[in-house]
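Below is one structure, written out as C-alpha cells; comments come after it.
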Amino acid sequence: MPWTQLSRAVFLRAVLWLLSLVVTNTVMACTLPAGSDINRQEGEFLISVQFDKQPLELGALHSIQAIICYASGQAYTGEIKADAIMPAHNHGMNYQPSFTMTSPGHYTGTGFVFHMPGLWRLRLTLQSDNGKQLIEHDFVL
Amino acid sequence: MRNAIKLCITLCLVFLPAVWATPDNETLDYDTHELAFIRSLGPWPPVSKKDESNRFSQQEDAIELGRQLFFDRRLSLNNTSSCADCHQPDLAFQDGVALNTALAPLHRNTTSLLNLANRPWYGWGGEHDSLWSQSIRPMLATAEMHTDLSALQKVLSQDSFFQCAFQQTTGLNLADLTQQDLLVTIGKLLASYQETIQSGKSRFDLFRDQLVDAENTSPSQKNAILTAEEQVGLKIFIGEGRCTFCHSGAHFSNGEFGDIGVSFFTANGIDKGRYDGIKALRTDPYSLLGRYNDATKNSNDAKEQGNTETIPHNALRTSHLQLLHRNWGEFKVPSLRNVGQTAPYMHNGSISTLMDTVDFYSELDEERLHADGEKILRPLHLTPIEKDSLQAFLLSLSGPIHAAQEKPSLFSQCR
C-alpha cells in the first residue's frame with residue numbers, strides 16, 4: 001500500500017476514533033430529569049425513579065422507569081434488585097420485580113403490585129465496586 | 001356523685017351512636033380519609049374491556065355459542081352435568097351448598113361467576129390466570145365434569161347445527177381440531193359468555209355516586225340512599241374493621257390471597273391453597289405464558305424483530321409471581337358484590353350465613369393467624385348493633401344480576 005493511501009487510512013481511523021469517543025462520552029454522560037417521583041443522591045449514586053402512573057392503583061401491575069448515575073456523571077450499568085414491603089405488617093409483595101437496562105443508566109422495572117393500602121417501602125439494591133447500596137423510599141397507598 | 005352523673009350524661013350525649021340520632025335519609029359525616037376510601041370502592045360497573053388472551057372475547061356469536069355450551073350437559077362424562085348445574089343462574093351463578101358432590105365430593109366451595117371479566121387470578125388457590133383456562137379446569141377434573149374429549153368431539157361433530165355454529169363463530173372445523181385445541185376453544189367460548197355475567201349498580205354504588213357528586217358540587221346531606229344503619233356498617237367496614245385491607249377497589253377484592261384462619265384440612269388431607277395454586281399455575285399449559293394466549297401473536301412479531309425476551313404484556317403478572325412460604329393456607333379474597341346471595345362462605349363453605357361470617361371476624365382466633373408484624377386481622381368484638389349494621393351494609397352491595405340472553409337468530413343459517 002502506498003504511503004499516501006496508508007496515511008489517509010490512519011487519518012480516517014483517527015477521526016472515526018475521535019468521533020466515537022465524543023459520541024460515547026455524550027451517551028454515557030448521565031443526568032437526572034427533574035420532577036420524578038424519587039430524585040435524590042444516595043451514597044455514590046444519583047437516582048431518579050418514575051412510576052408509570054400516579055396515584056398508584058391498589059392491586060394493579062405497575063412499572064417504573066429508573067435512571068441511575070454515579071455522582072461522577074457516569075451511568076450505572078450494573079444489576080438492580082427490587083422489592084417492596086409493608087413495614088408495619090412485615091410482609092412484601094407477592095411478586096418479584098425485574099429490571100431491564102434500556103440504555104446505559106436507564107432501566108425499566110416491572111412486576112410491582114401493591115395489594116394493600118398503607119405505608120409501603122420500595123427497596124432498590126445496587127451493586128458497585130464499593131459494595132451494595134440499598135435505596136429505600138416510603139410512600140403511602 | 002353529681003359530677004359523675006354530669007360526666008355520664010355528657011359522655012352519652014357525645015358518644016351515643018350516630019345511628020340513633022340520625023334519621024334514615026341523612027348522610028352521616030365522613031372525614032377526608034373515609035371519603036377517599038368510599039371513592040376507591042367504585043365506580044361501578046367497571047369499563048368493559050376485551051380479554052386480549054381470548055380472541056373470542058366480546059364477540060356476539062362467541063357469547064351465544066358459549067352460552068349454549070354453558071348449559072350443555074354433553075360437556076361432561078355421560079352427560080351428567082353442565083356448567084349451569086353447579087353455577088345456577090337463579091343462585092347468583094353458584095350452587096348454594098357448602099361443598100358440591102358433582103361426580104365425587106369436592107373440597108372447595110363453588111364460587112359465584114359474577115363479575116369475572118379481567119380479574120388477575122381465578123380459583124380459590126389462583127390456579128389459573130385467565131377465565132378461559134379456569135373454564136377448562138372442571139372439564140378436566142375427574143371429580144367434576146370429567147370430560148371425555150374424544151367422545152365430546154365425536155358427538156359435537158355429529159351435531160350439524162353445532163358444527164355449523166362452531167364453524168361460523170371460530171372459523172374452525174370441529175372434526176379437524178386436536179383435542180387440546182378443541183378444549184381451549186371451548187374454554188374460550190365459555191369464557192366469552194361468562195364475561196357477560198355481571199351485577200349492576202347496587203344501592204351502595206348509588207350512595208357512593210351521590211357522595212362523589214356532592215364532593216364535586218354543593219354538598220347535600222339529605223336523601224341518602226343508604227340508611228343510617230347501613231352507613232354505620234360502612235364506617236366499620238372502611239374503619240376499625242379494616243375490611244378494605246383486602247376487600248378493596250370496585251370489586252371489593254384486591255384480587256390477591258390471604259390466610260384468615262379458616263381450616264385448611266379437608267376430608268382427605270390438606271388444602272394448601274395459594275401455595276399449591278402457584279405450583280399448578282407454573283406447570284399449566286394453558287397459562288398466559290403458554291402458546292394459547294392470543295396476545296402472544298404480537299410478541300412473536302417482536303421476537304422476529306430480535307427481542308427474544310418479550311413476554312406478552314398480559315402475562316407479566318404471571319411471570320413475576322413468586323412462591324412464598326406464607327402462601328401456604330392462603331385463599332382468594334372473594335369479591336363482596338352481591339355477597340348476600342352467595343352463601344355459604346369461605347373456601348370450604350364452612351360458614352353458612354352472612355351474620356355467621358360477621359361473627360367469625362368479630363371473634364377471630366388470633367392464635368390461628370400468622371403475622372410477624374402488626375396484625376392485619378384482629379378480633380373486632382363488635383356489639384350486636386354493630387354486627388347488624390355491618391351485615392346491613394354488606395347486603396347493600398347487591399345489584400341486579402344480568403347475563404347474555406339467548407340469541408337464536410345469530411345462527412339462523414345453521415338450522
Side-chain angles (χ1 to χ4, degrees), chain A residues 49-66 77 79-104 106-125 136 138-141, chain B residues 33 36-37 39-41 118-121 126 129 238 242-259 274-275 277-278 281 288 307 309-311 313-327 330 332-333 335 369-378:
Chain A
V49 173
Q50 181 74 46
F51 283 99
D52 56 346
K53 66 192 272 193
Q54 286 288 3
L56 295 168
E57 197 181 326
L58 203 65
L61 182 72
H62 283 291
S63 62
I64 65 175
Q65 298 295 326
T77 54
E79 189 185 14
I80 303 179
K81 286 184 177 165
D83 66 3
I85 60 162
M86 295 194 85
H89 305 151
N90 204 19
H91 73 67
M93 298 187 295
N94 298 323
Y95 303 84
Q96 177 60 62
S98 64
F99 278 84
T100 308
M101 188 169 70
T102 52
S103 64
H106 292 239
Y107 295 81
T108 297
T110 192
F112 295 90
V113 179
F114 311 109
H115 62 281
M116 276 189 189
L119 178 76
W120 281 89
R121 179 167 296 153
L122 175 68
R123 302 192 301 195
L124 303 178
T125 307
E136 295 186 327
D138 288 356
F139 60 95
V140 176
L141 202 69
Chain B
H33 192 63
F37 265 120
R39 203 182 306 114
S40 75
L41 297 170
N118 297 303
R119 300 301 293 154
W121 305 115
D129 54 3
I238 60 177
R242 298 177 163 202
C243 309
T244 45
F245 268 45
C246 297
H247 295 284
S248 56
H251 279 270
F252 284 82
S253 166
N254 62 7
E256 293 290 326
F257 301 80
D259 175 7
R274 183 57 167 158
Y275 192 81
I278 293 175
L281 183 72
L288 294 178
N307 187 356
E309 291 183 4
T310 302
I311 291 169
H313 63 92
N314 62 352
L316 283 172
R317 199 170 180 125
T318 306
S319 68
H320 286 90
L321 191 61
Q322 54 179 340
L323 182 64
L324 303 164
H325 181 69
R326 70 173 162 81
N327 296 135
E330 287 185 336
K332 182 119 181 282
V333 176
S335 168
L369 298 170
H370 308 125
D372 298 327
E374 180 190 347
K375 285 188 171 67
I376 296 166
L377 289 170
R378 55 192 176 191

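Just the heavy atoms: all of them, side chains too, but no hydrogens, waters or symmetry mates, feed the values below. Chain naming here is simple, since letters A, B, ... match the order of the sequence lines and numbering starts at 1 in each.
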Nearest atoms (heavy-atom pairs only) where A:Gly92 meets A:His115: O-CE1, 3.5 Å

Under 4.5 Å from any heavy atom of chain A - which part of B:Thr244: backbone

B:Tyr275/B:Phe257 aromatic ring centres below 6.0 Å: no

Contact check, side chains of A:His91 and A:Ile85, non-hydrogen atoms, under 4.5 Å: no

Distance-only donor-acceptor check, side chains A:His62 and A:Asp52, under 3.5 Å: yes

Region of B:Leu316 in contact with chain A, defined by heavy-atom distances below 4.5 Å: both

Close side-chain approach of B:Leu321 and B:Trp121, heavy atoms under 4.5 Å: yes

Chain A contacts, top residue of B:Arg317, B:Arg274, B:Glu256 (heavy-atom pairs, under 4.5 Å): B:Arg317

Side chain / backbone / both / neither for A:Leu58 at chain B, heavy atoms under 4.5 Å: side chain

Most contacts with chain B, counted as non-hydrogen pairs under 4.5 angstrom, among A:Met116, A:Met93, A:Gln96, A:Glu57: A:Gln96

